[in-house]
Amino acid sequence: DRMVHIIEHVRMFAREAGKPELSPVQVNSVVTSAVDMLGAQFRSRGLSLDTELAVEVPSVRANPFSLEEVLLNLLTNARDAVEAKDGDPEHPISRVLVRTKSLGSAPNQHAHIEVIDRGPGIPEEIIARVFDPFFTTKDPDKGTGLGLAISKSIVEDFGGKLEIRSVPGEGTTAVITLPTTSEA
């Protein structure tokens with residue numbers, strides 16, 4: 001049943017992701033869907049994937065499948081980061097947190113999604129390049145260097161912003177800020 005659910009979800013994702021139409025999207029629903037998709041993978045690797053979803057996050061204008069693609073990419077990057085640090089005996093168990101909240105008030109209200117990891121962080125000399133196409137610090141069989149570039153483009157197409165904040169040795173936070181449907 002789980003496999004059927006995942007396959008159907010991937011088929012729907014593939015059909016809808018290429019459509020440019022934007023519609024009102026519930027942020028928490030998209031976050032929950034992405035977390036459900038990767039939750040078993042995190043658990044099988046001994047990692048914790050947690051959520052802190054604000055009760056009232058206004059809708060945003062987006063393509064839900066494209067927004068989910070962005071979240072899946074950010075969660076995969078966070079997973080890889082915490083796995084890299086998991087070998088460090090001082091930081092034995094790894095956790096990734098996805099948090100949503102609403103910022104501001106109408107008419108300038110924004111939905112905010114954060115993907116937070118406590119991996120090794122990104123050095124200053126690299127942080128400026130993370131959105132460059134084909135730039136990656138991963139092994140060739142682990143990544144193409146396109147995920148963050150594509151994710152940033154998708155978020156900007158929704159009128160939003162994607163930022164990466166990192167402190168070496170402490171972790172990284174990817175922040176998606178999207179205008180709510182009333183502002184969009």
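In this chain, numbering begins with 1 at the start of the sequence shown.
There is a path of hydrophobic side-chain contacts, each under 4.5 Å, that joins I126 to I164. Linking Ile, Leu, Val, Met, Phe, Trp and Tyr residues whenever their side-chain heavy atoms come within less than 4.5 Å leaves L47 and I116 in two separate clusters.
The shortest side-chain heavy-atom distance between D157 and S153 falls under the 4.5 Å cut-off. Put simply, the side chain of V115 reaches to within 4.5 Å of the side chain of L75, judged on heavy atoms. F65 has its side chain out of reach of V30: every pair of non-hydrogen atoms, C-beta onward, lies at least 4.5 Å apart. With a 4.5 Å cut-off on side-chain heavy atoms, N63 and F158 count as touching. No side-chain heavy atom of L67 sits less than 4.5 Å from a side-chain heavy atom of I154. Under the 4.5 Å side-chain criterion, counting only non-hydrogen atoms from C-beta, V155 is in contact with L178. In this structure, the side chains of V98 and L49 come closer than 4.5 Å at one or more pairs of heavy atoms. Side chains of L74 and I176 form a contact here, defined as non-hydrogen atoms less than 4.5 Å apart.
Applying the side-chain contact (heavy atoms from CB on, under 4.5 Å) criterion to E52, with sequence neighbours excluded, gives R95, L97, R99.
One finds the NE2 atom of H110 at 8.5 Å from the CG atom of L103 (value rounded to the nearest 0.5 Å). Atom CG of N77 and atom OG1 of T136 lie 8.0 Å apart (nearest 0.5 Å). Remark: D117 CG to E170 CD distance equals 12.0 Å, nearest 0.5 Å. To the nearest 0.5 Å, the span separating CD on E163 from CD1 on I127 amounts to 10.5 Å. Rounded to the nearest 0.5 angstrom, L148 CG and L162 CG are separated by 6.5 Å. In this structure, CD on E68 lies 11.0 Å from OG on S29, to the nearest 0.5 angstrom.
A donor-acceptor pair under 3.5 Å is absent between the side-chain atoms of T177 and the main chain of G160, judged by distance alone. Judged purely by atom type and a 3.5 angstrom limit, T100 uses its side chain to pair as donor or acceptor with the backbone of A54. Counting only distance, with no hydrogens or angles, the side chain of S151 and the backbone of G147 share a donor-acceptor pair below 3.5 Å. Remark: side-chain polar atoms of R61 are paired, donor with acceptor, to backbone N or O of L22 under 3.5 angstrom. Using a distance-only test at 3.5 Å, with no hydrogens or angles considered, a donor-acceptor pair links the side chain of T32 to the main chain of N28.
There is a side-chain donor-acceptor pair under 3.5 Å between S59 and Q26.
Heavy atoms from other residues, nucleotides or ligands lying under 6.0 Å from CD of E125 number more than 12.
Scanning all heavy atoms of the two residues, the minimum distance from R79 to F42 falls at CB-CZ, 3.4 Å. Between G171 and S166, the closest heavy-atom pair is O-OG, 3.1 Å. Here the closest non-hydrogen pair linking A111 and P58 is CB-O, 4.3 Å. When all heavy atoms of L71 and A34 are compared, the pair lying nearest together is CB-CB, 4.0 Å.
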Run T173 and E114 through side-chain hydrogen bond (donor to acceptor under 3.5 Å, both in side chains) and show every step you take.
CA-CA 6 Å; T173 301; E114 298 175 334; over 6 Å; no
(message) Using the rule given for side chain to side chain contact (heavy atoms under 4.5 Å, CB included), can you reason through V175 versus I113, listing the C-alpha separation, both sets of side-chain angles and the distance that settles it, and then say yes or no?
(response) CA-CA 6 Å; V175 181; I113 307 167; over 6 Å; no
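Salt bridge annotation for R45-E83: present, with a cationic side-chain nitrogen under 4.0 angstrom from a carboxylate oxygen.
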